[in-house]
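Here is the structure we will look at, set down as structure tokens.
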Amino acid sequence: MAPVRTRFAPSPTGYLHVGGARTALFNWLYARHTGGKFILRIEDTDAARSTDQSVQAIFEALKWLDIDWDEGPFYQSQRLDIYNAHIDRLVAAGHAYHCTCTPEQIEAMREKARATGAKPRYDGTCREKKLGPSSDAVVRFKSPTMGSTLIEDVVKGHIVFSNDELDDFVLRRTDGMPTYNFAAVVDDVSMDINTIIRGDDHIMNTPKQILLYHALEAPLPIFAHVPMVLGNDRTRMSKRHGATSVTAYRDMGLLPEAFINFLARLGWSHGDQEFFTRAELIEKFSLQRVGKSAGIFDPVKLNALNADHIQAATPEHLAGHLKPFLEARGWHSDDEAFLHGAIATLQPRSKTLLEMALQAHFYFSEEITLDEQAAQKFLTQNVLEPLRYLREQLAALPAFGEKDLETVFVQLMEKFSLKLGKIAQPVRVALTGTTVSPGIFEIMTVLGKERVLARLDKAIGYIVAR
RNA sequence: GGUCCCAUCGUCUAGCGGUUCAGGACACCGGCCUCUCACGCCGGUAACAGGGGUUCAAAUCCCCUUGGGAUCACCA
């Protein structure tokens, strides 16, 4: 068996979207799983719509997902000589011909066909004219008029197309650029791509491509058409479904490992398992386990999976991904231990890194602001003495671990006959400014004695002043 | 409209003829835990689109209907 060679071949006409990312992921996973090669190719033969900005956006997204490639990136726009050489071969062999019909004439043909209820298609006017190349001629493929073409798809099974459905499609445009079907096949052949994994919206192109493989006398690759990713309205994912750019999910606070886990599980399964590390995905991925039906992209489930990955990650790992969100709020910390401690307390209560950053406000804001409602309700006269006592006891503490703190609180509760519930909320408000936060002992441990005392002083001052 | 693909809980899916009055996950609804919010734990509601076959036996195989999707360019 020749080693597996897969490729991802996006057209740079916009950012990398969810469907494209999944196609890239499946190709990459399959190559990594089999120990094969994964090739990146940029299909920029549409000069009008391709932009370098889009190319950069695609690179950026793949980099975030940590999908790396072994060869490329190749640019089709730089391979015109190769396509032209193949065009010459095809014309010489009688598989293709020059055609000077104008777009207007073609449109007229289609109109006429539609009027008679026939299929709108090129009528073969130039098919036998043996025209030579010229600046106003396209090159068309001479499609067989009889017979049928069979696709043996790894995920969809056998699909048969009658060849009379096909017309003589264009291989090279008047501007000298190859069309998609032709360039893709020439590249896949010349790059030895033996496994083509792509969205099933390409199924209709496949018979044309198979015919081209035959004309080029090239061995057929394995085809695997994976089902589409749909939006919640059951149509193909597009801009109107909200965030569909991969990097938008990064900016919403998703972890790349959670995102690829989610993408992989959309259409592929391994028993009942939901959570996969990157290594597990590579180990377990297989084309046989890819389903046939389209799936709806569910952002709620994505977030839930992300929460699982956040919980499973180490604070050290999360720190790198979280920092941009902190910095966006003007928060910095050179104290790694402090940062990691803070993250650890937030892990079980954050579905996204954005949520985590938002909840981390009291760790990184130098001066916390007391929420007025919270302060009104919990920083009252009757907790003034307990808080003063607490402040003194804490100040005298030689160590500031959770156990030490608990001991102080037990004493406090006994001395003032208070339940923990009665004193915890005031302390929470004093330390964080709000009524919602991680456990107060964890917070205090992370914050450290100095900050805790300062915040208690501030709260005491607030009570005295009211 | 032609062609092609698809069809299990709201969603993602397990199920590859019998051990399933269909299992898991997310979401939802109860309860427990508890210093708040979460996490966690326990429990619950919820699906084989419909109709014909084949078979001793069908969610699983075949056909039809219905529904959804994709595609019909000198875009990719």
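Below, read A as the first sequence line, B as the second, and so on, with proteins coming before strands; counting in each chain starts at 1. We use all heavy atoms of the structure for the numbers below, so side chains are in, but hydrogens, waters and symmetry mates are not.
- The distance from the OG atom of A:Ser77 to the CG atom of A:Asp46 is 11.5 Å, given to the nearest 0.5 Å.
- For the OP1/OP2 pair of B:rC6 and a distance below 4.0 Å, the side-chain nitrogens and oxygens of A:Lys292 include at least one atom meeting the criterion.
- OP1 or OP2 of B:rG69 has not a single side-chain nitrogen or oxygen of A:Ser293 nearer than 4.0 Å.
- Between A:Arg428 and B:rC37 there is no side-chain polar atom (N or O) within less than 4.0 angstrom of OP1 or OP2.
- Between the base of B:rC12 and the side chain of A:Lys301 there is a donor-acceptor pair shorter than 3.5 Å.
- Nucleic acid contact class of A:Cys99 (heavy atoms, under 4.0 Å, all strands): none.
- In this structure, B:rG17 forms no base pair with any nucleotide, since neither Watson-Crick nor G-U wobble geometry is met with both distances under 3.5 Å.
- Counting non-hydrogen atoms under 4.0 angstrom, A:Gly199 reaches nothing in the nucleic acid.
- The base of B:rC39 has none of its N or O atoms less than 3.5 Å from a complementary donor or acceptor on the side chain of A:Arg349.
- Base pairing of B:rA59: no nucleotide in any strand meets the Watson-Crick or G-U wobble criterion (both distances under 3.5 Å).
- Across all strands shown, B:rC26 pairs with B:rG10; the Watson-Crick or G-U wobble distances both stay below 3.5 Å.
- Note: CD (A:Glu442) to C1' (B:rU36) measures 12 Å, nearest angstrom.
- The separation between A:His309 atom NE2 and B:rC39 atom P is 17 Å, rounded to whole Å.
- What separates OH of A:Tyr180 from P of B:rC72 is a distance of 11 Å, to the nearest Å.
- Aromatic pair A:His202/A:Tyr180: centroids less than 6.0 angstrom apart.
- Following rounding to the nearest Å, A:Leu346 (CG) and B:rU36 (P) show an atom-to-atom distance of 18 Å.
- At a threshold of 4.0 angstrom between heavy atoms, the contacts of A:Val300 are confined to the sugar-phosphate backbone, with no base atom among them.
- Residue A:Gly439 is in base contact, counting any heavy-atom pair closer than 4.0 Å across all strands shown.
- A side-chain donor from one of A:Glu257 and A:His317 sits under 3.5 Å from a side-chain acceptor of the other.
- Across all strands shown, A:Arg234 has heavy atoms under 4.0 Å from sugar-phosphate atoms exclusively, and none from any base.
- Classified by interplanar angle (parallel below 30°, tilted 30° to 60°, perpendicular above 60°), the ring pair A:Phe285/A:Trp268 is tilted.
- Defined by atom type and a distance below 3.5 Å, a donor-acceptor pair is present between the side-chain atoms of A:Gln76 and A:Glu43.
- For A:Arg265, no side-chain nitrogen or oxygen approaches OP1 or OP2 of B:rC26 to under 4.0 Å.
- Proximity of A:Arg121 to the phosphate of B:rU3: no side-chain N or O atom is located under 4.0 Å from OP1 or OP2.
- Comparing B:rC5, B:rA76, B:rC74 by their nearest atom to the side chain of A:Arg49 picks out B:rA76.
- Of the candidate nucleotides B:rA76, B:rU71, B:rC12, B:rA76 has the atom lying nearest to any side-chain atom of A:Glu43.
- Residue A:Gln273 is out of contact with every strand shown, counting any heavy-atom pair closer than 4.0 Å.
- Listed nucleotides B:rC35, B:rA70, B:rC39 differ in distance to A:Gln311; the shortest reach to its side chain belongs to B:rC39.
- Spacing between B:rG1 and B:rU54 at atom C1', rounded to whole Å, works out to 35 Å.
- On a pure distance criterion of 3.5 Å, a polar donor-acceptor pair joins the side chain of A:Glu274 and the base of B:rG24.
- Across all strands, A:Asn205 comes closer than 4.0 Å to base atoms (heavy-atom distances).
- Checking B:rA76, B:rC6, B:rA14 against every side-chain atom of A:Asp46, the shortest atom distance belongs to B:rA76.
- When heavy atoms are screened at a 4.0 angstrom cut-off, A:Ile440 is found touching base atoms of the nucleic acid.
- Counting non-hydrogen atoms under 4.0 angstrom, A:Pro120 reaches nothing in the nucleic acid.
- A:Arg41 comes within 4.0 angstrom of no nucleic acid atom, judged by non-hydrogen atoms across all strands.
- Outside the 6.0 Å centre-distance limit, the rings of A:Tyr213 and A:Phe182 are not counted as a close aromatic pair.
- A side-chain donor-acceptor contact under 3.5 Å links A:Asn306 to the backbone of A:Lys351.
- A:Tyr97 has its OH atom 12 Å from the P atom of B:rC74, to the nearest Å.
- Residues A:Thr102 and A:Gln105 have side chains that bring a donor and an acceptor to within less than 3.5 angstrom of each other.
- Not less than 6.0 angstrom separates the ring centroid of A:Phe8 from the ring centroid of A:Phe38.
- Between A:Tyr122 and A:Phe169, the distance separating the two ring centers is not shorter than 6.0 angstrom.
- Atom CZ of A:Arg7 is separated from atom C1' of B:rA76 by 11 Å (rounded to the nearest Å).
- Base pairing annotation: B:rC4 forms a Watson-Crick or G-U wobble pair with B:rG69, both donor-acceptor distances under 3.5 Å.
- Counting any heavy atom pair closer than 4.0 Å across all strands shown, A:Phe409 reaches no nucleic acid atom.
- OP1 or OP2 of B:rC74 has not a single side-chain nitrogen or oxygen of A:Thr179 nearer than 4.0 Å.
- Proximity of a side-chain donor or acceptor of A:Asn261 to a complementary backbone N or O of A:Glu274 within less than 3.5 Å is detected.
- Residue contacts for A:Ile296: at a heavy-atom cut-off of 4.0 Å it reaches the sugar-phosphate backbone alone, with no base atom in range.
- Rounded to a whole Å, the CG atom of A:Leu370 is 16 Å from the C1' atom of B:rU36.
- Nearest-nucleotide positions on RNA chain B for A:Ser350 and A:Ala304 put A:Ala304 closer to the 5' end.
- At whole-Å resolution of the value, CZ in A:Arg198 and P in B:rC4 are 18 Å apart.
- Position along RNA chain B of the nearest nucleotide to A:Arg140 versus A:Glu165 favours A:Glu165 as the more 5'-ward residue.
- The separation of B:rG50 from B:rC29, taken at their P atoms, amounts to 29 Å, rounded to a whole angstrom.
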Protein-nucleotides 64-66 of chain B N/O pairs under 3.5 Å:
none

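- With a cut-off of 3.5 Å on both pairing distances, the Watson-Crick or G-U wobble partner of B:rC41 is B:rG31.
- OP1 or OP2 of B:rC74 has at least one side-chain nitrogen or oxygen of A:Arg110 nearer than 4.0 Å.
- Across all strands, A:Ser437 comes closer than 4.0 Å to base atoms (heavy-atom distances).
- Aromatic pair A:Phe441/A:Phe409: centroids less than 6.0 angstrom apart.
- Taking the side chain of A:Val138 as heavy atoms from C-beta on, and the options B:rC35, B:rA70, B:rC74, the nearest nucleotide is B:rC74.
- Judged by distance alone with a 3.5 Å cut-off, no donor-acceptor contact links the side chain of A:Asp298 to the base of B:rA27.
- For the C1' atoms, the distance from B:rU66 to B:rG51 is 10 Å, rounded to whole Å.
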